[in-house]
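This chain uses plain numbering: 1 for the first residue, then up along the sequence.
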Amino acid sequence: MNAQTLIDCHTRIKPYVHNTQVLSSRLINKEVGAEVYFKCENFQRAGAYKMRGATNAMLQLTEKQRSKGVVTHSSGNFAQAVALGAQSLGITAHIVMPTSAPQVKKIGVLEYGGRIYECEPTLEARQNMADTIAKDTGATFLHPSNQLNVIIGQGTAAMELLEERPNLNAIFCPVGGGGLIAGSALAAHYFGNGCKVFGGEPFEADDAYRSLQSGILEGNETTNTIADGLRTTLGDVNFPIIQQHVTGIVRVAEEEIITAMRLVWERMKIIIEPSSAVTVAALLRERSVFKNQKVGIVISGGNVDLANLPFHASR
């Protein structure tokens, strides 16, 4: 793994993904006391950065593997990314989704031609069903966050951000399964000018924070967070990368996530999902640490269930 690996990946996926906009807000800059640059992966195909890793992984399958399809498990964004990427490449996509996944994300998978299999909302149930489908169909399993080809693909968002803003002091990413922050940390390591990477994580699903503290992979006793994309846990592939290249993780409360989400909707007039708002909440919580710095935030996605908005609870 070196800088060329990321460059090659970026070249490979370019025809299939958007180089998304980098936006800023004078009002949010004033609120934080720093220059904040938002890499808007909510404008990405399928509505989230996951398109990058899914596409990179599928483009490296053999013709025989492609002919038998792919299978994954996901609460929504990786599910949609695999379905759309597979549709673009003429591959059958089997998607295992927990019954608790937002309806808007299930609709997206179906619109992109994915075949949905519902399971109980536990990681064990998701993996078991995916393994069964792989065995029955011969489909190749794509992990949402714990395969190197997926991690490298996710890192191209931060790579593009650093191309546009090369003097960032820090980049914030949300932390769920760990693929985005691991890929972003690699991008910052190879292309950043001393740029540090931080994670934002809900207190209600803080396995990454605790894993970094203990040095071993920790689980979650609860995943009772509005940030549905962050209810998963780190894996054995991305955790060593995170240990080596991530500076720290900031945990935030549910009310902080809702407040940050509302702030971006109101001030920037863009739709971001709760998982993305976690990073904004983390920066707001630690604003004194980043005062007068240049900070990048990867807005991971914009797939929101509009029938279940949380804002009424924040006032």
Side-chain angles (χ1 to χ4, degrees), residues 3-14 16-26 28-29 32 34-56 77 81 145 150-176 178-200 229 238 241-242 245-250 260 264 268 270-273 275-283 286 290 293-302:
Q4 192 61 44
T5 309
L6 273 160
I7 293 168
D8 291 344
C9 169
H10 195 234
T11 301
R12 187 182 302 119
I13 68 173
K14 260 183 182 178
Y16 302 95
V17 303
H18 299 318
N19 186 333
T20 51
Q21 292 171 267
V22 177
L23 299 180
S24 61
S25 162
R26 180 179 56 81
I28 291 178
N29 286 353
V32 177
E35 290 180 36
V36 187
Y37 299 97
F38 296 88
K39 178 63 171 171
C40 292
E41 288 293 289
N42 51 327
F43 299 150
Q44 188 53 263
R45 294 184 72 205
Y49 74 93
K50 302 257 186 177
M51 190 68 191
R52 297 171 179 272
T55 302
N56 187 48
N77 283 344
S145 55
V150 173
I151 291 166
I152 292 165
Q154 316 304 29
T156 59
M159 183 180 167
E160 290 173 0
L161 174 58
L162 287 163
E163 284 176 358
E164 190 163 332
R165 295 289 172 180
N167 294 319
L168 292 178
N169 302 109
I171 292 176
F172 271 84
C173 302
V175 189
L180 176 63
I181 194 168
S184 299
L186 289 171
H189 174 68
Y190 290 116
F191 302 104
N193 183 18
C195 178
K196 296 177 179 178
V197 173
F198 295 86
N238 59 53
I241 299 170
I242 293 166
H245 296 298
V246 172
T247 300
I249 292 176
V250 179
V264 172
M268 298 185 70
I270 61 173
I271 292 175
I272 70 168
E273 60 191 67
S275 298
S276 298
V278 167
T279 50
V280 183
L283 179 56
E286 296 293 328
F290 296 94
Q293 292 191 26
K294 294 179 171 64
V295 182
I297 286 183
V298 179
I299 294 292
S300 53

Exercise for the section: With the side chain counted from C-beta on, respond yes when Y190 and T5 share a heavy-atom pair under 4.5 Å apart, and no when they do not. Expected result: no
Practice task
Kindly say whether A158 contributes a backbone atom to a donor-acceptor pair with the side chain of K39 at under 3.5 angstrom?
Solution key: no
Practice task
Before giving the answer on side-chain contact (heavy atoms from CB on, under 4.5 Å), spell out for N169 and V295 the whole-Å C-alpha distance, their side-chain angles and the decisive distance to 0.1 Å.
Solution key: CA-CA 6 Å; N169 302 109; V295 182; 5.7 Å; no
Handout entry: Nearest heavy atoms of A187 and G155, plus distance in Å
Key = CB-O, 3.5 Å
Exercise for the section: Output the distance between atom CZ (F38) and atom OG1 (T279), rounded to the nearest 0.5 Å. Expected result: 7.5 Å
Exercise for the section: Apply the test side-chain contact (heavy atoms from CB on, under 4.5 Å) to residues F172 and V36: give CA-CA distance (whole Å), side-chain angles for both, the deciding distance (0.1 Å), then the verdict. Expected result: CA-CA 10 Å; F172 271 84; V36 187; over 6 Å; no
Exercise for the section: Say whether, by atom type as modelled, one donor and one acceptor occur between the side chain of N193 and the main chain of P166 under 3.5 angstrom. Expected result: no
Handout entry: Non-hydrogen atoms of T156 and C9 that approach each other most closely
Key = CG2-SG, 3.9 Å
Practice task
Provide the closest heavy-atom pair for V197 versus A185 in the form atom of the first, atom of the second, distance.
Solution key: CG2-CA, 3.8 Å
Problem - Pair R52 + E41: basic N to acidic O under 4.0 Å - result: yes
Exercise for the section: Go through the steps for K294 and R165 under the test side-chain contact (heavy atoms from CB on, under 4.5 Å), then give the verdict. Expected result: CA-CA 9 Å; K294 294 179 171 64; R165 295 289 172 180; over 6 Å; no
Handout entry: Under 3.5 Å: donor-acceptor pair, side chain of N29, backbone of S24
Key = no
Practice task
Write down the atom of S275, the atom of P174, and the distance for their closest heavy-atom approach.
Solution key: O-CB, 3.3 Å
Practice task
With sequence neighbours excluded, tell me which residues meet side-chain contact (heavy atoms from CB on, under 4.5 Å) with A277.
Solution key: I257, A260, M261, I272
Practice task
From the options C40, C173, S276, select the one residue that forms a side chain to side chain contact (heavy atoms under 4.5 Å, CB included) with V298.
Solution key: C173
Completion exercise
CE of M268 to CG of L23, rounded to nearest 0.5 Å, is 5.0 Å
Handout entry: Check: I181 main-chain N/O paired with Q154 side-chain donor or acceptor under 3.5 Å
Key = no
Handout entry: Check: V150 and N56 side chains under 4.5 Å, non-hydrogen atoms
Key = no
Exercise for the section: Drop me the distance from H10's NE2 to I7's CD1, to the nearest 0.5 angstrom. Expected result: 10.0 Å
Practice task
To the nearest 0.5 angstrom, please state how far the CE atom of M51 sits from the CD atom of Q44.
Solution key: 7.5 Å
Problem - Parallel, tilted or perpendicular, as decided by the 30° and 60° cut-offs, for the rings of F290 and F198 - result: perpendicular
Problem - For the student: nearest non-hydrogen atoms of A182 and I151, plus distance - result: CB-CG2, 3.9 Å
Practice task
Grab the two heavy atoms, one from T20 and one from E160, that are nearest each other, plus how far apart they are.
Solution key: N-OE1, 3.9 Å
Completion exercise
So CG of N19 and CG of L161: to nearest 0.5 Å the spacing works out to 10.0 Å
Exercise for the section: To the nearest 0.5 Å, tell me how far Y49 OH sits from L180 CG. Expected result: 4.5 Å
Practice task
Check T247, I297, L162 against I171 for a side chain to side chain contact (heavy atoms under 4.5 Å, CB included) and give me the one that passes.
Solution key: L162
Practice task
Please report the C-alpha distance between F43 and H18 in whole Å, then the side-chain angles of each, then the deciding distance to 0.1 Å, and finally whether the side-chain contact (heavy atoms from CB on, under 4.5 Å) criterion is met.
Solution key: CA-CA 8 Å; F43 299 150; H18 299 318; over 6 Å; no
